[in-house]
Amino acid sequence: MIDAALLRQCVHCGLCLDACPTYLQLGTEMDSPRGRIHLVGAVSEGSLPLSADVVRHLDLCLGCRACETACPSGVEYGRILEAGRAAVETQWRRPLGDRLRRRLLIELFPHPRRLRAVAGLVRLLQALGLWRIVTALIPSARLMPEVQPTSALRSTAADGVAVMRVALLEGCVSGVLQGGVNSAAQRVLNRCGAAVDIPADQTCCGALHLHAGDLEGARRLARTNVDAFSSGAVPDAVVVTAAGCGAAMREYGALLRDDPRYAERAAALAARVRDATEVADELLDRCPPLGARAQRVTYHDACHLAHAQGVRQPPRRLLAALPGLELIELAESDLCCGSAGSYNLTEPDMAAALGRRKVDNIIATGVDSVAVANPGCALQIAAELRRRGSAVRVAHPLELLDEAMRGGEGT
Amino acid sequence: MGGNLYANPADCNCAPPCRAVIGERRLRPVSSPRVSPELIDELRAIVGAAAVVADEASTRVYECDGFTLARSAPDVVVLPGSRDEMVAVVRKVAASGLCFVPRGAGTGLSGGCLPLDAPVMIGTSRMRAIRSVDFENRRVVAEAGVVNLHVTRAAAAHGLFYAPDPSSQSACTIGGNVAENSGGPHTLKYGVTTNHVLGLELVLPDGEVVELGGEVDDVPGYDLRGLAIGAEGTFGIVTAATLRLVRTPQAVRTLLGMFRDVDDACRAVSAIIAAGILPAALELMDRMIVEAVEAAYGFGFPPDAGAVLIVELDGLEVGLGEQVDAVRAICQTARASEVRVARDEAERAALWKSRKRAFGAVGRLAPNYCTQDGVVPRGSVPEILRRIAAAAERYRLRIANVFHAGDGNIHPIMLFDERDADEVSRVLAAGKEILEACVELGGSVTGEHGIGVEKIEQMPLLFSPVDLRVMSELRLVFDAQRRCNPGKIFPTPGACVETVKVGMPRRQVPL
Amino acid sequence: MSDAQVSGDTARSIGGVAADGAPGAAWRYAAGGAVPAMVVRPRTTAEVASVIAAARADGLAVIGAGKGARLGIGNRPRRYDIAVTTDHLDAIERHVAEDLTVTVQAGVTLEQLNEELGRSGQWLPLDPAVGGETTIGGLIAADACGPLRHSHGKVRDFLLGIELVNGSAEVVRGGGRVVKNVAGYDVPKLLCGSFGTLGVITSATFKTRPRPAAEALYLGRCAGVAAAVQLALAIDCSAGAVAFADALSEGACEAIGIDGAAALVVGVAGSQAEVDAESERLRGHALAPCEAARAASIAMAVRNSALPMNDDALVGRFAVLPARLPALLARVEAEAVGRGLVVETAAHAAAGVARCQIAGDGERAALFAEWLRMTVRVEGGWVVYEAIPDGLRARVEAWGMSGAAVRLMRGVKRVFDPDGIFSPGRFVGGI
């Protein structure tokens with residue numbers, strides 16, 4: 001059921017253990033990357049039956065891929081996990097409640113229109129002060145931020161001569177819940193000399209499906225995006241502000257490898273995917289004068305940026321370049337915050353424990369703001385900060401850059 | 001995964017049936033009783049349900065450590081979170097008469113925490129507290145489950161570090177380090193675990209807690225702490241250790257010498273030592289490793305480099321330039337084609353990366369590989385390399401070498417394909433021959449991986465029957481019933497030696 | 001065994017090895033106030049084994065000895081019939097210079113060994129008192145070390161392999177001859193500080209180190225030993241190239257011509273550049289370089305400050321966490337004076353190790369010894385009384401060790417010496 005060569009990459013050395021958030025919390029081998037690979041391998045070779053216990057340990061994985069960074073042998077853990085989860089989805093019947101909850105996520109989050117409708121309802125409830133009742137009934141709902149009305153983005157030209165033409169992924173969750181980030185990114189890119197296209201027929205990146213083991217659903221969305229992003233002129237980069245989406249899109253080549261109609265275009269698209277912080281960092285020399293503002297900021301490495309995409313320095317460089325900003329390193333900066341896509345909805349206890357650990361570290365730095373380049377992380381961290389009554393602000397690095405640019409206007 | 005290694009009782013004619021196999025040798029017959037549901041309940045009452053692992057799937061992942069050629073899953077894994085919980089668990093297990101095996105992070109490379117005849121596994125992964133840090137006196141008291149690197153992290157801000165740095169230091173635990181007397185690339189100058197552990201808190205197999213050594217180095221009586229370090233968990237379970245911290249060197253320089261062949265590089269190693277220079281590390285990579293590293297990561301080694309030597313010097317800033325010049329001159333005299341000095345910390349990190357990633361790169365040359373661990377006197381390194389090359393030729397194998405040249409600690413990596421049964425048996429035979437050659441040259445069969453189950457057969461090469469009897473009797477002082485980690489280190493006369501057809505080894509961890 | 005005696009034939013030879021008939025030979029090997037009935041000097045490990053076999057058969061008690069320099073340490077043995085000296089096991093078996101290892105027989109003195117190693121620019125950096133009288137066997141058995149323990153560690157940090165004859169007259173080997181080796185239990189560690197209770201050490205393998213290219217000594221006068229230790233802590237001896245930092249008492253200072261109540265002697269070693277750099281730092285702490293002509297005698301005085309001043313001195317050695325040492329020393333001195341005792345203290349300051357010598361009335365000294373042991377124990381350390389005047393032996397126990405570990409130590413003893421023929425009663429817990 002799974003490529004034996006993928007499993008054979010693992011030499012069982014255990015160097016991944018201390019990088020794994022669930023192992024750090026629980027100390028149990030079966031909740032470590034090595035343990036999960038062991039389980040997938042045993043099930044795969046038929047020496048261990050697929051059971052509720054096996055499924056439990058696979059479910060508990062955040063998919064943060066910190067283990068891939070730690071692995072000296074280049075094990076593609078993400079792929080092993082996805083294959084394992086795909087096997088679970090096809091061969092294992094979950095209890096009814098579990099099935100419904102998982103279905104709901106898939107039916108709601110990847111659909112911007114449905115999500116906007118729910119967001120509208122939430123906004124209404126928040127405005128009427130009735131949201132408290134919902135959070136009392138559904139604890140995960142506490143993650144929901146103050147929802148702001150958002151408007152769909154339109155393609156924009158560069159300020160001055162365009163040095164670069166990029167296409168921006170709006171994203172579903174990020175587009176609706178954190179629309180401000182995309183607008184900020186678009187402004188920043190424009191000012192630095194990039195034209196920003198917003199391809200019309202784009203859709204959800206498919207990350208949630210991928211993580212949930214729904215490979216077919218993920219492929220369907222991927223094909224739509226391949227079409228949408230390769231229809232007109234080929235952009236220099238496909239820019240993504242949500243790390244989770246970027247990581248998923250970089251996998252398109254592998255995902256559609258066996259689809260003769262799409263394989264080539266998918267691989268080409270995947271190769272052009274860049275995180276917004278990478279592009280902004282590259283164009284930073286071209287940006288207009290920045291306004292100075294004294295602030296202490298720390299940076300949280302989103303798993304899907306640091307581990308899945310290997311992007312660590314660009315956001316830090318970018319922040320450090322802002323006048324008046326003091327960048328303070330965060331302890332365990334690349335340890336998962338517990339958000340992990342829909343994880344905080346499916347595994348609230350572990351998610352909350354990791355959220356507390358992350359916020360403990362953030363508060364210990366004594367900063368004004370924490371910069372986060374992924375909407376899931378931002379929601380998770382903001383909710384925990386709110387619960388603590390902390391005044392630390394959560395912002396995307398490009399939002400901070402955008403503010404500095406505005407602050408620099410007229411100077 | 002080579003799951004065909006699991007003991008299949010049906011294959012074995014032993015009575016009672018064997019539980020685990022290694023190579024073609026059955027290790028021990030199953031004789032201990034199984035864990036009762038009542039005992040599991042009692043253990044849960046002590047440590048909480050989440051810290052007792054008893055289902056089939058979850059116990060399966062504890063069937064081996066970094067040494068995967070032998071496997072045997074425990075019936076139950078208990079993970080106490082404190083010394084008191086540990087004592088209660090060990091007492092409970094003692095009362096049941098069952099054997100148990102201690103486990104840290106499971107990064108060992110000789111099967112030291114393989115459950116043989118021991119249905120209960122007791123892990124320290126939840127004992128992760130650093131109990132105290134005393135910068136003034138350079139002491140740390142760390143619980144057994146604390147990860148090695150975390151000790152250095154806790155001390156770094158005060159200009160101190162914990163010196164033993166095994167390659168697995170980002171995952172392996174202090175308890176495991178104590179059990180294996182772990183080394184690392186920097187042992188040449190700084191010594192191994194036993195040189196940095198002052199005191200141990202040891203829970204004996206009957207649950208009694210004893211303090212061995214202490215917070216100071218001068219404790220009257222026999223050095224039981226020294227005896228327990230490296231005892232591979234056969235004396236009981238260490239729950240905490242008092243560690244000595246070392247001052248972070250004021251300055252570090254890392255040099256890279258490229259040589260035509262390993263003989264030239266070895267000449268440089270000998271000359272460096274002869275010049276009275278004691279580097280912090282002296283690491284050597286041979287042609288096959290260099291080519292693999294270059295192909296995989298493109299570090300910019302010259303294409304004709306037959307051997308690359310990494311020399312790390314540390315100490316006071318003022319003295320280092322002189323030493324760097326001396327080492328450079330020595331390398332050039334030994335016909336180095338090029339000597340580079342890392343310009344900054346980033347370049348130094350890149351150099352070490354090339355060393356530490358070497359194994360990952362070798363993994364790309366063949367589907368499987370198996371790493372040996374042997375020691376020879378430093379001066380005999382060229383000779384052992386010749387013997388390794390001869391063995392490679394005779395057994396028609398590819399063998400690469402990357403090792404701690406400064407310690408004479410070799411790590412030949414034998415490449416193979418597990419689907420080729422004949423090649424697998426040739427790998428096992430070559431490995432045995434190389435270890436025998438190490439002993440013949442006055443060395444040892446293990447410099448840092450330990451005996452565990454892997455090298456029990458080689459113990460008689462190093463020790464006389466009297467030596468082995470004395471060691472076995474020492475074990476009985478701590479564990480009169482041999483209930484703690486049975487079946488390790490010592491050849492057991494009554495062990496089942498029924499030979500069965502077993503599957504291929506998986507590729508083995510390379511540190 | 002108590003009825004056995006060295007008699008008749010055995011008085012002239014034992015196990016085929018002739019006794020040393022020289023007058024006074026036995027007195028030289030007195031241990032803890034007990035004098036052996038005979039002294040034998042075997043020439044080979046096999047001869048050692050045959051002596052032990054015969055002694056065991058006759059129920060005689062044995063102490064393995066080198067030159068007798070540290071036989072005084074420990075309690076008075078319950079019985080002591082034969083001193084088996086290793087004088088004739090005097091070969092440096094193999095020095096592999098490029099491997100930084102040396103295998104040496106037990107009777108070679110540390111001074112001889114270091115002279116040989118010095119020819120290759122190496123040494124075994126251990127510097128206990130009276131190196132010329134310290135054999136390798138004695139060095140290991142007494143865990144003898146000196147000021148250099150601060151920078152280099154102790155015997156256990158250098159000992160790689162050991163050969164000994166156990167109480168069953170078997171040759172037992174532990175460890176190996178290479179610098180890195182984790183095969184089997186670390187038996188060599190057990191022999192360090194075992195004081196002849198596990199067997200007769202016949203040979204050992206050590207790792208050696210390159211000798212530093214340059215050395216220098218610095219002196220600072222202090223108001224007292226406690227102040228000298230405080231100064232050592234202020235210097236931060238763990239940084240830089242400090243090889244040792246020892247605090248000397250008034251008596252020791254006087255002997256080497258330093259006037260003042262106490263002195264701190266700091267040894268620096270390394271490359272010339274490092275030693276020069278340290279000079280700046282140490283001068284900053286008001287330490288003065290010591291002129292070359294006097295350096296050797298001062299260094300020797302520092303090493304030998306561990307020796308008892310006279311036969312009537314009670315010498316207690318103890319170790320505590322270094323930062324606790326100054327206050328503890330001050331208390332010790334005040335307490336001694338309060339009790340009307342004359343006390344001299346000295347310390348390996350940076351290592352947290354001190355010795356105090358008490359001269360005075362027997363009863364008062366005994367009470368003080370009790371007080372000191374309790375006080376140091378509270379501070380996390382142990383006092384070993386390395387020298388006990390005969391008059392105090394009934395009142396002062398040498399080791400002061402008890403607890404669960406002692407039970408394990410008795411077990412270790414039984415493994416090596418089931419009949420208890422080696423130094424019975426001399427060691428911890430009556431071992």
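Throughout, protein chains are lettered first and strands after them, A, B, ... in sequence-line order, and every chain is numbered starting at 1. Bear in mind the structure is a predicted one, so any value in this text is a computation, not a measurement.
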Sort out for me which of [options] touches chain B most, counting heavy-atom pairs under 4.5 Å.
{"options": "C:L100, C:V96, C:V171", "value": "C:L100"}
{"options": "C:R177, C:M401, C:Q272", "value": "C:M401"}
{"options": "C:L408, C:V172, C:V428", "value": "C:L408"}
{"options": "C:G184, C:C192, C:S271, C:S194", "value": "C:G184"}
{"options": "C:D143, C:L191, C:V275, C:V179", "value": "C:V179"}
{"options": "C:R173, C:K180, C:R414, C:Q122", "value": "C:K180"}

Are C:V182 and B:N181 close enough that some pair of their side-chain heavy atoms sits under 4.5 Å apart?
yes
Using non-hydrogen atoms only, which part of [X] is less than 4.5 Å away from chain C: side chain, backbone, both, or neither?
{"X": "B:V219", "value": "both"}
{"X": "B:V376", "value": "backbone"}
{"X": "B:E211", "value": "backbone"}
{"X": "B:F463", "value": "side chain"}
{"X": "B:L462", "value": "side chain"}
{"X": "B:L212", "value": "side chain"}

Count the heavy-atom pairs under 4.5 Å between each of [options] and chain C, then report the option with the highest count.
{"options": "B:V470, B:L468, B:T187, B:V381", "answer": "B:V470"}
{"options": "B:I489, B:L188, B:N409", "answer": "B:N409"}
{"options": "B:V210, B:I273, B:T446", "answer": "B:T446"}
{"options": "B:R139, B:E208, B:E180, B:E136", "answer": "B:E208"}
{"options": "B:G447, B:G319, B:G450, B:S444", "answer": "B:G447"}
{"options": "B:S464, B:G276, B:G183", "answer": "B:G276"}

According to the salt bridge (charged side-chain N to carboxylate O under 4.0 Å, His left out) rule, which pairs have a member within residues 212-225 of chain B, sequence neighbours left out?
B:E215-C:R324, B:D217-B:R225, B:D217-B:R244, B:D218-C:R149, B:D218-C:K154, B:D218-C:R317, B:D223-B:R225, B:D223-C:R156
Could you give all pairs that pass the salt bridge (charged side-chain N to carboxylate O under 4.0 Å, His left out) test and reach residues 463-479 of chain B, with sequence neighbours left out?
B:R469-B:E473, B:R469-C:E170, B:R475-B:D479
Segment of [X] engaging chain B (4.5 angstrom heavy-atom cut-off):
{"X": "C:E379", "answer": "backbone"}
{"X": "C:R209", "answer": "side chain"}
{"X": "C:N166", "answer": "side chain"}
{"X": "C:F416", "answer": "side chain"}
{"X": "C:A405", "answer": "both"}
{"X": "C:R410", "answer": "neither"}
{"X": "C:I431", "answer": "side chain"}

Quick one: closest heavy-atom pair of [X] and [Y], and the distance?
{"X": "C:A323", "Y": "B:N137", "answer": "N-OD1, 2.7 Å"}
{"X": "B:L278", "Y": "C:P210", "answer": "CB-CG, 4.1 Å"}
{"X": "B:S270", "Y": "C:E98", "answer": "OG-OE1, 3.0 Å"}
{"X": "C:W382", "Y": "B:G213", "answer": "CH2-O, 4.1 Å"}
{"X": "B:L474", "Y": "C:V187", "answer": "CD1-CG2, 4.2 Å"}

First locate atom CG of C:D186, then atom CE of B:M471, and finally report the distance between them rounded to the nearest 0.5 Å.
10.0 Å
Nearest 0.5 Å, what's the CD-CD distance between B:E322 and C:E274?
8.0 Å
Apply side-chain contact (heavy atoms from CB on, under 4.5 Å) to C:S238 and B:R138, showing your working.
CA-CA 9 Å; C:S238 67; B:R138 292 178 284 138; 3.3 Å; yes
Can you list the steps and then say if B:L224 with C:L190 is a side-chain contact (heavy atoms from CB on, under 4.5 Å)?
CA-CA 7 Å; B:L224 298 182; C:L190 277 182; 4.2 Å; yes
Trace of the side-chain contact (heavy atoms from CB on, under 4.5 Å) decision for C:D276 with B:V318:
CA-CA 9 Å; C:D276 292 346; B:V318 290; over 6 Å; no
Checking B:L227, B:I229, B:T194 against C:K189 for side-chain contact (heavy atoms from CB on, under 4.5 Å), the one that qualifies is B:T194
Aromatic plane relationship, C:Y185 with B:F490 - under 30° parallel, 30 to 60° tilted, over 60° perpendicular
perpendicular
